[in-house]
Amino acid sequence: MPRRDDIEAAFRSAVVFEPGGRRTLRTVDFVRELKKVNWDFSLKDANAWIEASVCTFKDISPTEGEERLFMLYNPNGGL
């Protein structure tokens with residue numbers, strides 16, 4: 001049975017630490033991590049959750065669509 005706390009854990013697991021120090025998150029990676037903890041989000045649902053629940057990541061997607069790329073822009077902030 002999925003738990004709400006698992007959503008935040010899946011989000012944290014999907015964050016990628018790049019060599020230059022930048023932290024990014026792809027919606028497809030977030031959805032993949034959610035499936036591991038029994039949550040079945042669509043890309044649209046995942047984007048909506050990120051936009052509503054996380055204020056420290058901004059959309060830097062190079063293209064339009066539901067497969068989006070987010071970047072941490074306030075490393076001193078949190079979820």
Quiz item: Strictly under 6.0 Å, is that where the ring centroids of Phe11 and Phe70 end up?
Solution: no
Quiz item: Would one find more than 12 heavy atoms of other residues, nucleotides or ligands at under 6.0 Å from atom CD of Glu18?
Solution: yes
Quiz item: Val31 and Ser42: which non-hydrogen atoms are nearest, and at how many Å?
Solution: CG2-O, 4.0 Å
Practice problem: Measure the CZ-OG1 distance between Phe17 and Thr24 for me, rounded to the nearest 0.5 Å. | Solution: 9.5 Å
Quiz prompt | Euclidean distance, Glu67 CD relative to Ser61 OG, rounded to 0.5 Å | solution = 9.5 Å
Quiz item: In the single-linkage hydrophobic clustering (I, L, V, M, F, W, Y; side-chain heavy atoms under 4.5 Å), do Val37 and Ile50 co-cluster?
Solution: yes
Quiz item: Is the shortest distance from a Lys or Arg side-chain nitrogen in Glu51 or Arg68 to a carboxylate oxygen in the other one below 4.0 Å?
Solution: yes
Quiz item: Looking at NZ of Lys35 and CG of Asp40, how far apart are the two atoms once the value is rounded to the nearest 0.5 Å?
Solution: 4.5 Å
Quiz item: Looking only at heavy atoms, what is the nearest atom pair of Phe30 and Ala46, with distance?
Solution: CD2-CB, 3.6 Å
Quiz prompt | Separation of Thr56 OG1 from Met71 CE (nearest 0.5 Å) | solution = 11.0 Å
Quiz item: Can you check whether Glu66's main-chain N or O pairs, donor with acceptor, with Asn47's side chain at less than 3.5 Å?
Solution: yes
Quiz item: Is there a path from Leu69 to Phe41 through hydrophobic residues (I, L, V, M, F, W, Y) whose side chains come within less than 4.5 Å of each other?
Solution: no
Practice problem: Could you please spell out the steps behind the side-chain contact (heavy atoms from CB on, under 4.5 Å) verdict for Arg22 and Ile60? | Solution: CA-CA 12 Å; Arg22 190 168 84 156; Ile60 60 165; 3.8 Å; yes
Practice problem: Any chance you could measure Leu25, atom CG, to Phe57, atom CZ, to the nearest 0.5 Å? | Solution: 6.0 Å
Exercise. Say whether Leu43 and Leu34 are linked into one hydrophobic cluster, either directly or through other cluster members, by side-chain heavy-atom distances under 4.5 angstrom.
Key: no
Quiz item: Do the side chain of Trp49 and the main chain of Ile7 share a donor and acceptor less than 3.5 angstrom apart?
Solution: no
Self-check item: Gap separating the CZ atom of Arg3 from the CG atom of Asn38, nearest 0.5 angstrom
Solution: 10.0 Å
